[in-house]
Protein chains: 2
Amino acid sequence: MNPPNLDKTDIGILRLLQQDALLSNKQLALELNKSTATIHERVRRLKSEGYIKRSVAIVDGKKIGKSLIAYSQVQLKEHTDSALSSFEKEVVKFPEVMECYHMTGAFDFILRIVISDMDAYHNFLRSKLAQLSNIGTVQSFFVMSEIKTETAYPL
Amino acid sequence: MNPPNLDKTDIGILRLLQQDALLSNKQLALELNKSTATIHERVRRLKSEGYIKRSVAIVDGKKIGKSLIAYSQVQLKEHTDSALSSFEKEVVKFPEVMECYHMTGAFDFILRIVISDMDAYHNFLRSKLAQLSNIGTVQSFFVMSEIKTETAYPL
DNA sequence: GGTGAAAGCGATGCATA
DNA sequence: TATGCATCGCTTTCACC
């Protein structure tokens, strides 16, 4: 399943738009040796079929005062379906939680939390996260340095 | 530092472009009650000053055969500056490692690894990650379900 | 710094192969 | 399905406020 139903041109489009979503069809056409009309149709198809989910601007978190990134591992007390659903439903409401995954292994969920500083994190933990029902343990780890942050899949 | 040196129009632009990088200046202008020329100048400034780092297409990993996401916690044996730098220099070369952070706490690095399946992960671990010098322990956790994956900072 | 208008350029739809 | 062409609309610049 690699490539699935994508030809070389489709792969090329995905590779290039993952690096820069603002590339014009003209630039893509030049790079991939196709006409702009062909590229236009391919891009339309890649979007309508869901290969490209969306295009977003990546903002510098530090420049807008989000200087602290935490990864918090959450273990729940109960693991019934309704307990899991209830946690998921509540945690996604917190704007500080930018990512949340249900995991295998020693804990249940991992959260990526983005916030201004440690005081704010402390406050978030005490007044928001720990207030949810069914929270067992929360273990927090903080990013000291970002070594690699890639949004583009290798193709 | 919230807002730093950004006015309401700048914040609005960041908020909207974080949701959809392909919005036209005309659409932004309509939404924010400014002229297209003003929006054009503001967007140019936000990019040149680094508030907007880049614009990217978000591709559906599962549709291109990247069905397994792992978070792997790596502990090194030695923690000299050169040992840390050496690990960082090597690990970023792996295309499977889309994110890598140097962390506080019980382990040194957390890696987000995106790959086709568990067989491929096993192979990656044995033939690539564990081959790096100075690796102490690697603990792997796998994503069962994505609850929230947000790229936009709350503004 | 913001605006409106003019000019240039790319996006978009279509007829054709 | 891919292409060239023609039209339309947005981007970009500039003189002015």
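So that the names make sense, note that chain A is the first sequence line, chain B the second, and so on, each numbered from 1.
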query: Is the phosphate of D/dT3, meaning OP1 or OP2, less than 4.0 Å from a side-chain N or O of A/T38?
result: yes

message: Between B/R42 and C/dG2, is there a contact of a side-chain N or O with OP1 or OP2 at under 4.0 Å?
response: yes

- request: Would you mind listing every ring pair (Phe, Tyr, Trp, His ring centres under 6.0 Å) that reaches into residues 16-43 of chain B, with sequence neighbours excluded?
  value: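 Applying ring pair (Phe, Tyr, Trp, His ring centres under 6.0 Å) to every pair that reaches into residues 16-43 of chain B, excluding sequence neighbours, yields nothing.
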
field: side-chain contact (heavy atoms from CB on, under 4.5 Å) assessment of A/Y71 paired with B/Y71
entry: CA-CA 11 Å; A/Y71 278 91; B/Y71 279 90; 4.2 Å; yes

How long is the line joining [atom1] of [X] and [atom2] of [N], in whole Å?
X     : N     : atom1 : atom2 : value
B/N33 : C/dG2 : CG    : P     : 13 Å
A/R44 : D/dT1 : CZ    : C1'   : 13 Å
B/E41 : C/dG4 : CD    : C1'   : 16 Å

- request: May I have the step-by-step check of salt bridge (charged side-chain N to carboxylate O under 4.0 Å, His left out) for A/E96 and A/K128, ending in yes or no?
  value: CA-CA 10 Å; A/E96 298 89 345; A/K128 289 182 155 181; 2.8 Å; yes

query: If each of B/L22 and A/K34 is mapped to the nucleotide of DNA chain D with the nearest heavy atom, which maps nearer the 5' terminus, i.e. the 5' end?
result: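 Closest to the 5' end, via its nearest nucleotide, is A/K34.
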
task: Describe, in one word, how the ring planes of B/F94 and B/F124 are oriented to each other, choosing from parallel (under 30°), tilted (30 to 60°) and perpendicular (over 60°).
output: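 Correct class here is perpendicular.
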
Considering only nitrogen or oxygen atoms on both sides, find all protein atoms under 3.5 Å from nucleotides 9-15 of chain C and state each distance.
from	atom 1	to	atom 2	distance (Å)
C/dG10	OP2	A/K26	NZ	2.5
C/dA11	OP1	A/N25	N	2.9
C/dT12	OP2	A/H40	NE2	2.9
C/dT12	O5'	A/H40	NE2	3.4

- prompt: Think B/K66 forms a cation-pi with A/Y153, using NZ or CZ under 6.0 Å from the six-ring centre and within 45 degrees of its axis?
  reply: no

- request: Tell me whether the centres of the aromatic rings in B/F87 and B/F109 are closer together than 6.0 Å.
  value: yes

